[in-house]
Amino acid sequence: LEAIDWPTADEIRAALDTDADAYSWVRTVSDLLRVFHEPDQLVVAADDDTFLVAEDRVEVRAALAVAVGALSGEESLAGDEALHLAEMALVLHAEGFLTDQEALARATLPALDVLLDQPRETRRVLSLADAVLAAAADGPAELAVRRRRATARLNLGDAVGAVEDSIHL
């Protein structure tokens with residue numbers, strides 16, 4: 001993996017600035033994040049083995065897990081970037097690439113904060129927090145996730161659940 005000549009962050013940004021929007025396959029979400037216009041486009045891209053064969057996909061996922069671990073303490077992520085990081089961390093954990101439970105919990109904290117500010121997303125906060133807590137031990141980041149889940153439960157009127165979460169703090 002270290003022998004691979006990976007592009008630099010500036011090269012990736014330059015490619016994203018020119019290639020992605022130029023072909024109209026994706027739309028820009030943030031400086032570093034793009035999203036396909038249609039779900040079918042994602043399926044076509046995911047099934048295309050032109051650039052990545054199975055072994056390459058494993059290496060990319062392993063590299064992504066390392067990057068997620070490094071970004072897991074980043075608090076300056078934009079809302080969509082924070083949500084993407086949390087979802088990616090959960091997928092990589094489920095696939096066995098992200099084994100650091102504390103990094104998993106830290107990676108979700110910015111997303112939980114973004115979602116807690118939106119009352120309509122309270123159930124999503126619970127779903128995300130439940131997924132993290134089902135996979136993680138009681139480290140400092142997991143306790144922070146539990147605190148956010150207690151807040152979401154309280155916002156939904158579940159005082160008993162909020163107290164149960166608070167007891168574990």
Side-chain angles (χ1 to χ4, degrees), residues 1-115 121 124-142 144-146 148-149:
L1 188 60
E2 292 177 10
I4 296 174
D5 185 25
W6 294 99
T8 66
D10 291 334
E11 291 171 333
I12 293 171
R13 279 190 195 98
L16 288 174
D17 287 341
T18 57
D19 294 345
D21 292 337
Y23 296 104
S24 299
W25 276 75
V26 297
R27 63 181 164 82
T28 302
V29 175
S30 70
D31 288 341
L32 298 175
L33 189 59
R34 308 290 188 268
V35 67
F36 286 99
H37 289 290
E38 299 291 333
D40 292 339
Q41 292 170 323
L42 174 62
V43 171
V44 168
D47 291 340
D48 185 4
D49 286 337
T50 304
F51 299 106
L52 293 175
V53 294
E55 296 82 19
D56 294 335
R57 291 174 191 264
V58 169
E59 288 183 26
V60 167
R61 285 187 175 110
L64 283 172
V66 171
V68 165
L71 283 172
S72 66
E74 185 66 41
E75 295 182 15
S76 64
L77 295 174
D80 289 329
E81 291 172 343
L83 295 170
H84 183 71
L85 178 65
E87 291 167 355
M88 186 182 304
L90 284 169
V91 168
L92 291 170
H93 176 74
E95 291 180 344
F97 291 100
L98 181 62
T99 57
D100 183 350
Q101 295 173 341
E102 184 74 9
L104 170 65
R106 281 193 320 267
T108 60
L109 290 173
L112 290 171
D113 290 337
V114 167
L115 294 172
E121 298 293 341
R124 190 169 173 197
V125 170
L126 292 177
S127 175
L128 182 58
D130 288 345
V132 171
L133 293 172
D138 286 334
E142 288 85 2
V145 169
R146 189 174 301 279
R148 284 155 178 84
R149 185 174 72 173

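Computed from heavy atoms alone, side chains included, the values below leave out hydrogens, waters and symmetry copies.
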(request) Taking all non-hydrogen atoms of both residues into account, name the closest pair between Ala65 and Leu98 and its distance. (result) O-CD1, 3.8 Å
(message) Please list all pairs meeting salt bridge (charged side-chain N to carboxylate O under 4.0 Å, His left out) that have one or both residues in residues 89-100, counting only residues at least two apart or in different chains.
(response) Arg61-Glu95
(request) May I ask you to say whether Arg124 pairs ionically with Glu87, meaning some side-chain N is under 4.0 Å from a carboxylate O? (result) yes
(request) In sequence, state the C-alpha distance, the side-chain angles, and the governing distance for Val91 and Phe97, and then conclude on side chain to side chain contact (heavy atoms under 4.5 Å, CB included). (result) CA-CA 9 Å; Val91 168; Phe97 291 100; over 6 Å; no
(request) Could you tell me the separation between the CD atom of Glu121 and the CG atom of Leu112, rounded to the nearest 0.5 Å? (result) 11.5 Å
(request) Only counting residues at least two apart or in another chain, list the ones meeting side-chain contact (heavy atoms from CB on, under 4.5 Å) with Asp80. (result) Val29, Leu33, Leu83
(message) Using every non-hydrogen atom in the two residues, find where Ala111 and Ala82 come nearest and quote the distance to one decimal.
(response) CB-O, 3.5 Å
(message) So which atom in Ala141 and which in Ala105 form the shortest heavy-atom distance, rounded to 0.1 Å?
(response) CB-CB, 3.6 Å
(message) Going by side-chain hydrogen bond (donor to acceptor under 3.5 Å, both in side chains), name the residues that satisfy it together with Arg149, two or more places apart in sequence or in a different chain.
(response) Asp130, Asp165
(message) Using every non-hydrogen atom in the two residues, find where Gly79 and Val114 come nearest and quote the distance to one decimal.
(response) CA-CG2, 3.9 Å
(request) With rounding to the nearest 0.5 Å, note down the distance linking CD in Glu102 to CZ in Arg106. (result) 5.5 Å
(request) State, to 0.1 Å, how close Leu133 and Glu142 come at their nearest heavy-atom pair, and which atoms those are. (result) CD2-O, 3.6 Å
